[in-house]
There are 2 protein chains.
Amino acid sequence: MSTARRPRADARRNYERLLAEADAAFAERGIGASLESIARGAGVAIGTLYGHFPTRRALVGALLRERNEALFELGDRLVADNPPGALATWVRAVTEHASTYSGLAALLAGGLDDEASELHESCLRMAGTGERLVALARASGTLRPDATGADITALTTAAAALREDLSAAAADRLVALCLDGLARRP
Amino acid sequence: MSTARRPRADARRNYERLLAEADAAFAERGIGASLESIARGAGVAIGTLYGHFPTRRALVGALLRERNEALFELGDRLVADNPPGALATWVRAVTEHASTYSGLAALLAGGLDDEASELHESCLRMAGTGERLVALARASGTLRPDATGADITALTTAAAALREDLSAAAADRLVALCLDGLARRP
DNA sequence: ACCTGAACACCGTTCAAGT
DNA sequence: ACCTGAACACCGTTCAAGT
């Protein structure tokens with residue numbers, strides 16, 4: 001059934017080199033780092049980069065693949081086990097994930113509504129996990145009844161932006177305050 | 001005492017044209033809009049733009065001058081009168097101000113620590129007003145004793161970023177939740 | 001005193017030509 | 001099947017030459 005072919009050895013090598021170089025560049029100079037400099041650093045022509053990754057988002061998506069899997073694994077486990085503080089754990093994990101590269105938070109926020117985005121699927125899945133954890137917390141009476149999954153999406157997006165614009169400490173504090181605001185009053 | 005001279009008529013006209021064109025460009029395409037296109041739209045050479053505004057931030061600062069005055073006037077009045085909900089009013093006003101152009105929130109956040117920034121002074125003043133309003137609210141017992149001015153800076157920065165990345169509704173909701181988290185428990 | 005625009009360095013994206 | 005790099009369009013910034 002599979003129509004997949006083994007890629008040519010040089011293609012595979014270029015692919016890996018581009019990923020490694022892009023990761024370094026995005027980590028250092030943010031998600032807007034020049035694609036030309038990435039191609040140069042990987043030792044390939046600019047056309048080769050575009051051959052493997054037609055858009056910047058495709059490159060980001062490929063880089064995030066492993067991190068996404070780890071994140072979703074955590075999410076599934078939290079939903080299944082529903083341990084105390086599951087929601088807070090999830091919010092912190094997503095915030096960290098969205099802070100992998102500076103500028104990523106905005107890209108992820110945009111990927112939620114943009115079906116054409118290579119990040120759309122993982123954004124949807126993150127939102128879905130948030131919804132489920134909110135439903136669980138509400139059912140167990142630890143959350144305001146009007147809390148929604150959208151609140152969690154907003155909170156993680158805001159916290160990730162704060163990490164970029166101000167500091168991780170400010171972001172952590174905001175998360176704590178908001179979760180406090182979301183908690184059910186005794 | 002004043003060493004100020006009346007500017008040449010054409011200089012003044014170019015200055016005003018550049019401001020008008022920049023306001024339109026920043027409002028439409030965000031704070032990163034091309035300076036070359038702004039100069040073109042204003043009908044002047046690119047060097048003329050640099051002559052009047054040596055950095056992008058200087059241009060933004062000039063555009064915000066009037067808005068800043070209105071904001072500070074509101075802030076001073078809130079501090080003087082300390083009406084109910086003063087802190088919430090201030091947070092919403094600053095959030096709106098930081099959302100004037102897309103991308104401005106990040107610039108303002110950076111201007112707080114960067115003394116070289118043309119926006120530094122107004123950032124400091126905003127933070128100062130926040131501090132005073134927090135002190136007033138704490139003194140009147142409506143705020144958690146551990147609340148700080150930094151919390152207000154973080155909240156407005158986060159809300160402005162949310163407006164850009166998600167929606168104004170999400171931002172308003174976050175502000176409400178955080179202010180709830182900051183309120184003194186009865 | 002101010003304006004002009006060429007000059008330089010850089011980037012995103014495409015695509016004909018190569019291997 | 002993949003890679004190369006020239007080509008095009010665009011931008012930030014500076015500065016010598018003009019008025």
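Letters A, B, ... mirror the listed sequences (proteins, then strands); counts begin at 1.
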Dot-bracket line, read 5' to 3' along DNA chain C, where crossing pairs take [ ] and | marks a partner on another strand, Watson-Crick or G-U under 3.5 Å: ||.|||||...|||||.||
Would [X] and [Y] pass as an ion pair if we require N to O under 4.0 Å?
X: B:Arg144; Y: B:Asp151; result: no
X: B:Glu96; Y: B:Arg163; result: yes
X: A:Arg125; Y: A:Glu121; result: no

Round to a whole Å and report the spacing from [atom1] of [X] to [atom2] of [N].
X: A:Glu16; N: D:dC2; atom1: CD; atom2: P; value: 14 Å
X: A:Asn14; N: D:dC3; atom1: CG; atom2: C1'; value: 8 Å
X: B:Phe53; N: C:dC3; atom1: CZ; atom2: P; value: 11 Å
X: B:Asp10; N: C:dT4; atom1: CG; atom2: C1'; value: 12 Å
X: B:Arg17; N: C:dC2; atom1: CZ; atom2: C1'; value: 15 Å
X: B:His52; N: C:dA1; atom1: NE2; atom2: P; value: 14 Å

For [X] and [Y], test the side chains for any donor-to-acceptor distance below 3.5 angstrom and give the result as yes or no.
X: B:Arg92; Y: B:Thr156; answer: no
X: B:Glu118; Y: B:Thr55; answer: yes
X: B:Asp113; Y: B:His120; answer: no

Given B:Thr157, B:Leu119, B:Val94, the one that forms side chain to side chain contact (heavy atoms under 4.5 Å, CB included) with B:Leu108: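 For B:Leu108, the side chain to side chain contact (heavy atoms under 4.5 Å, CB included) check succeeds only for B:Leu119.
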Check against side-chain contact (heavy atoms from CB on, under 4.5 Å), A:Ser122 and A:Phe72: CA-CA 9 Å; A:Ser122 41; A:Phe72 292 141; 3.8 Å; yes
Within residues 23-51 of chain B, residues whose heavy atoms come under 4.0 Å of DNA chain C: B:Val44, B:Ala45, B:Ile46, B:Gly47, B:Thr48
Residue closer to the 5' end of DNA chain D, B:Thr55 versus B:Arg8 (nearest nucleotide):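 Comparing both residues, the 5'-ward one is B:Thr55.
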